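This report concerns only the one structure given below.
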Amino acid sequence: MKRDVDQHSQDVVQLQAIHCLAFSTPLPAVASKFLLAIKSLWLTIEKFMSPQSTLNPSRALAGVHGVHIVPSSRFESEETTQDGDFAHSTCTSSAIGTSLSMQRVWQQAPPFLKPIQGCIHGDRDLAETVVNVLTSLPFIVLGIQTPRKNLNTKLYANSLIGVGVASSLYHSSRGKLRKYLRWADYTMIATATVCLSRALRNENSKFLMAASAVFLPIQPLMVSAVHTGMMEVAFAQRALKDPELKMAHNVHKLSSLLGGVLFIADDVFPRTPYLHAAWHLAAAVGVGTCNKLLE
């Protein structure tokens, strides 16, 4: 308390000296009290906003009837990764609310906004692995059969072959390498959608293609969704103008709808066998109908 009084006296002397030097007149008592009140308020705000204020209990509420000051404690939070590992992080009570809010937002985000992480299900036995690898081979066949009229169509055809190869390697892999091959699998799918979009529409904006190239390695599902939507629009427009494409477009719509349902079901019912293989086949049918647009 004595230290606060001494500090108050020093502040009064300093303010009076500054005023005398500036205006050659003594500082009025009312003005002195007003300035000191502002300084006191500023110091109080600065104390509460400083990082140390989260560690020390506030003395401003001490002595208030009905208020009990509890020293802030440190908590340890645990987060389980998809691979079963535990990530330990220690944070203060002031940061826990923000951390939990960020986790809720991240957990509620759609899957295509999250980076690809390790696979937690699929290929549980040899039979399922064999089926998943076999149903990946049609993409290689489709890539070989795709028309190669120009550079864009050649890139798309080669990307389809890459999809089949990456999918086969992923499903036949085990251990730590598996999560990297899963990323390669999804990235190859996104690359194929970008190449198809480019083959169908030469007028794609440079900004879109540049953004796709940037997000391709980190958000392949988002890139796939954008370019697949563009392809669907182009397919529908071409089918309206060309009656010969209506049958292919109808088959494409049915296979795409079935593929979407199977893709979601594979995540919702992870222990149901062969759902992923069924999605492979539905997607292969849809890709085969898209090749009609390039003939």
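Treat the numbers as computed from the prediction; the structure is a model and nothing was measured. All values below were derived from every heavy atom in this structure, side-chain atoms included, with hydrogens, water molecules and symmetry-related copies excluded.
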- Task: Evaluate side chain to side chain contact (heavy atoms under 4.5 Å, CB included) for N150 paired with T153, printing each intermediate quantity in order.
- Result: CA-CA 6 Å; N150 50 50; T153 56; 3.2 Å; yes

Residues that, via side-chain heavy atoms closer than 4.5 angstrom, fall in one hydrophobic cluster with [X]:
X	result
L155	L151
V233	none
V226	L208, M230

Quick one: do [X] and [Y] end up in the same hydrophobic cluster if we chain Ile, Leu, Val, Met, Phe, Trp and Tyr together by side-chain heavy atoms under 4.5 Å apart?
X	Y	value
V223	M209	yes
I264	V285	no
F207	M222	no
F139	L281	no
I189	L258	yes

- Message: Would I161 and I144 count as a side chain to side chain contact (heavy atoms under 4.5 Å, CB included) here? Give the steps.
- Response: CA-CA 7 Å; I161 296 174; I144 295 173; 4.1 Å; yes

Gap separating the [atom1] atom of [X] from the [atom2] atom of [Y], nearest 0.5 angstrom:
X	Y	atom1	atom2	answer
R238	L293	CZ	CG	5.0 Å
S167	L137	OG	CG	9.0 Å
L262	T272	CG	OG1	11.0 Å
L196	L160	CG	CG	8.0 Å
L221	T228	CG	OG1	10.0 Å
Y170	D185	OH	CG	7.0 Å

- Message: Can a donor-acceptor pair be found, under 3.5 Å and without considering hydrogens, that links the side chain of T193 to the backbone of A190?
- Response: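 Looks like yes, one N/O pair under 3.5 Å.
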
- Taking atom types as modelled and ignoring hydrogens, do the side chains of H227 and S197 form a donor-acceptor contact shorter than 3.5 angstrom?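 A pair is found: one side chain offers a donor N or O, the other an acceptor, under 3.5 Å apart.
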
- Query: Side chains of S212 and R198: is there a donor and an acceptor less than 3.5 Å apart?
  - Reply: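 Short answer, no.
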
What are the two closest non-hydrogen atoms of [X] and [Y], and how far apart are they?
X	Y	value
S136	S168	CB-OG, 3.5 Å
T146	A157	CB-CB, 3.7 Å
S255	G286	OG-CA, 3.3 Å
A192	V163	CB-CG2, 3.9 Å
L294	A199	CD2-CB, 4.1 Å
C290	H252	SG-CE1, 3.5 Å

- Task: Evaluate the side chain to side chain contact (heavy atoms under 4.5 Å, CB included) criterion for residues K292 and L245: first the C-alpha distance (whole Å), next the side-chain angles of each, then the deciding distance (0.1 Å), finally the verdict.
- Result: CA-CA 8 Å; K292 296 289 184 181; L245 289 176; 4.1 Å; yes

- Please test V165 against M188 for side chain to side chain contact (heavy atoms under 4.5 Å, CB included), starting from the C-alpha separation and ending with a verdict. CA-CA 9 Å; V165 172; M188 202 67 238; over 6 Å; no

- Run the side chain to side chain donor-acceptor pair (under 3.5 Å) check on S172 and R178 step by step: do they pass? CA-CA 9 Å; S172 59; R178 184 173 176 82; over 6 Å; no

- Task: Would you list the pairs meeting salt bridge (Lys or Arg N to Asp or Glu O under 4.0 Å) in which at least one residue belongs to residues 142-167, sequence neighbours left out?
- Result: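 Qualifying pairs, neighbours excluded: none.
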
- Residue pairs, two or more places apart or on separate chains, that pass salt bridge (Lys or Arg N to Asp or Glu O under 4.0 Å) and touch residues 126-136: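 As it turns out, the salt bridge (Lys or Arg N to Asp or Glu O under 4.0 Å) pairs with a partner in residues 126-136, which skip direct neighbours, are R124-E128.
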
- Item | Note, L240 side chain near F235 side chain (heavy atom, < 4.5 Å) |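 Not in contact.
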
- Message: So for atom CE, which belongs to M247, do other residues, nucleotides or ligands contribute more than 12 heavy atoms lying within a distance under 6.0 Å?
- Response: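 Atom CE in M247 is not crowded, with 12 or fewer foreign heavy atoms closer than 6.0 Å.
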
- For residues 266-295, pull every pair meeting ring pair (Phe, Tyr, Trp, His ring centres under 6.0 Å), keeping only residues two or more places apart or in separate chains.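 Pairs touching residues 266-295 that pass the test: H171-H276, H171-H280, F263-W279, H276-W279, H276-H280.
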
- Task: Tell me, please, whether Y186 has R182 positioned over its six-membered ring: NZ or CZ under 6.0 Å from the ring centre and within 45 degrees of its axis?
- Result: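 Pair R182/Y186 counts as cation-pi.
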
